[in-house]
Amino acid sequence: MDYDAMFKGALEALKKEGNYRIFAELEREAGAFPKAISHAAATPEEVTVWCSNDYLGMGQHPAVIDAMCETARACGTGAGGTRNISGNTHQHALLEAELADLHGKERALLFTSGYVSNWAALSTLGSRLPNAVILSDEKNHASMIEGIRHSRAGKVIWRHNDPEDLDAKLSDLPKEATPIVAFESVYSMDGDICPMEEIVEVAEKHGAMTYLDEVHAVGMYGPRGGGVSEERGLADRITLIEGTLGKAFGVVGGYITGSEALCDFIRSFASGFIFTTALPPAVAAAAQVSVAHLKRSEMERMRQRAQVKKLRARLDAMGIPHLPNDSHIIPVMIQDPVKCRMLADILMQDFGIYVQPINYPTVPKGTERLRFTPGPLHSDDDIDHLVRALETLWRQCALARAVA
Ligand SMILES: *Cc1c(COP(=O)(O)O)cnc(C)c1O
């Protein structure tokens, strides 16, 4: 069997569709973010990153860097084992306490990534709770979908952000079912925010557990960065809140928070928690400083919102079509995978602007887009440069404009 020919065949098909993924090789520069050094031959040496999920630039915050370096010097690099066998450190305990407090929950549980936390928690809930049925918003992230699939629990998909459809689907369940409603606060590709109160009310009416992914909202929304559930005063009505330490908190790792019993249950039964080496203590220490900082400091969130608003206004003024939403994510719609890739290439090569084309399967075919995430560290000049570049491209490539 010529396995390489099989691999290449599959890749050729992706390339023909325009969906083959090409990574940009960058070197981040602490202190200069969102500027980065590009290692691709055809691009300027320094580029501006416009698609980072390090939304607030916490990945280069001096206190976060200090915590990571000092802890590595004091404690060494790796954790040395799983949490169960010699890998459970003081830094893990401190970070879990910080996270439980962030969401006003009794307890938190760390994982090696947000992906793993969703996969492990949902697969454990779905497989261990008797008669579990997971009701999943149709736009849920791949990590939730994989966790649900792996659990082999019953699965019901409800229409995106539609509490009425959720209500109808909960009403259809047999009465012995144990329903778990899984959804996100900020959906990262369209940037839309869920009608959380309505969803929570429907779930409460049916006695269903709620599982909320706040990955794109933690650090960003709410007076202490506790997410949309904090902003809307709903955290105490949600059973489980899941988040990441890798996006706005600028480090890496994932977590769930909830009751003492819930977290102890996942800790005790989740294979994706038990059988993997714990996060390095230095990573946990850095994340803890970042979370603590964003609990106190509004400056990053305020400046970020101002920059988001500015970019949106400039795009509107030029008639560049972008999806309206209430979040910090600005999707500029291209609706063609080949064009989307081409525009991203030109932006990078001719203008030193790095924005990754978002194509299938991340978004449905025909909804390809450039997804911009302005942050507090993008200057007004950066915005100006981006807007001028887009204006040039829209003119040269005769791209569609939004009707004013
Ligand atoms: C990125 C993402 C995750 C995974 O988090 P990581 O920490 O990057 O593994 C989970 N859910 C959503 C909605 C995401 O966008």
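Indexing begins at 1, ligand by ligand and atom by atom, following the structure's order. All values derive from a computational prediction rather than experimental measurement.
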#### Entry: Heavy atom of Ser113, distance to ligand 1 below 4.0 Å
yes
### Task
Give the ring-plane orientation class for Trp50 versus His378, where under 30° counts as parallel, over 60° as perpendicular and anything between as tilted.
parallel
### Met144 touching ligand 1 at heavy-atom level, < 4.0 angstrom
no
### Query
Can you find a pair of side-chain heavy atoms, one from Leu212 and one from Met196, that are under 4.5 Å apart?
yes
### Task
Check salt bridge (Lys or Arg N to Asp or Glu O under 4.0 Å) between Arg232 and all other residues, then give those that pass, not counting sequence neighbours.
none
### Query
For ligand 1, which atoms sit closer than 4.0 Å to a heavy atom of Lys247?
1 (C), 2 (C), 3 (C), 8 (O), 14 (C), 15 (O)
### Task
Considering the heavy atoms of Asn118, write down every atom of ligand 1 situated less than 4.0 Å from one of them.
10 (C), 11 (N)
### Task
Could you tell me whether Asp382 and Lys35 make a salt bridge, using a distance below 4.0 angstrom between a side-chain N and a carboxylate O?
yes
### Query
Got Trp158 and Glu138 here, is their nearest side-chain heavy-atom distance under 4.5 Å?
no
### Query
Does a side-chain heavy-atom distance below 4.5 Å link Gln91 with Cys75?
yes
### Message
Please list, in number order, the atoms of ligand 1 under 4.0 Å from a heavy atom of Gly114.
### Response
4 (C), 5 (O), 6 (P), 7 (O), 9 (O)
## Note on the structure
atom 15 (O) of ligand 1 has as its nearest protein heavy atom His216 NE2, 2.5 Å
### Task
Would you mind finding which of Trp119, Phe111, Tyr115 brings a heavy atom closest to atom 4 (C) of ligand 1?
Tyr115
### Message
Is Ser143 close enough to touch ligand 1? Criterion: a residue heavy atom under 4.0 Å from a ligand atom.
### Response
yes
### Donor + acceptor pair across side chains of Tyr187, Asn325 (<3.5 Å)
no
#### Entry: Min side-chain heavy-atom separation Met333-His322 under 4.5 Å
no
### Heavy atom of the protein closest to atom 11 (N) of ligand 1 (residue, atom name, distance)
Asp213 OD2, 2.7 Å
### Message
Give the atom numbers and elements of ligand 1 that come within less than 4.0 Å of a heavy atom of Glu184.
### Response
13 (C)
### Task
Measure the distance from atom 7 (O) of ligand 1 to every protein heavy atom, then report the residue, atom name and distance (to 0.1 Å) of the closest one.
Thr244 OG1, 2.6 Å
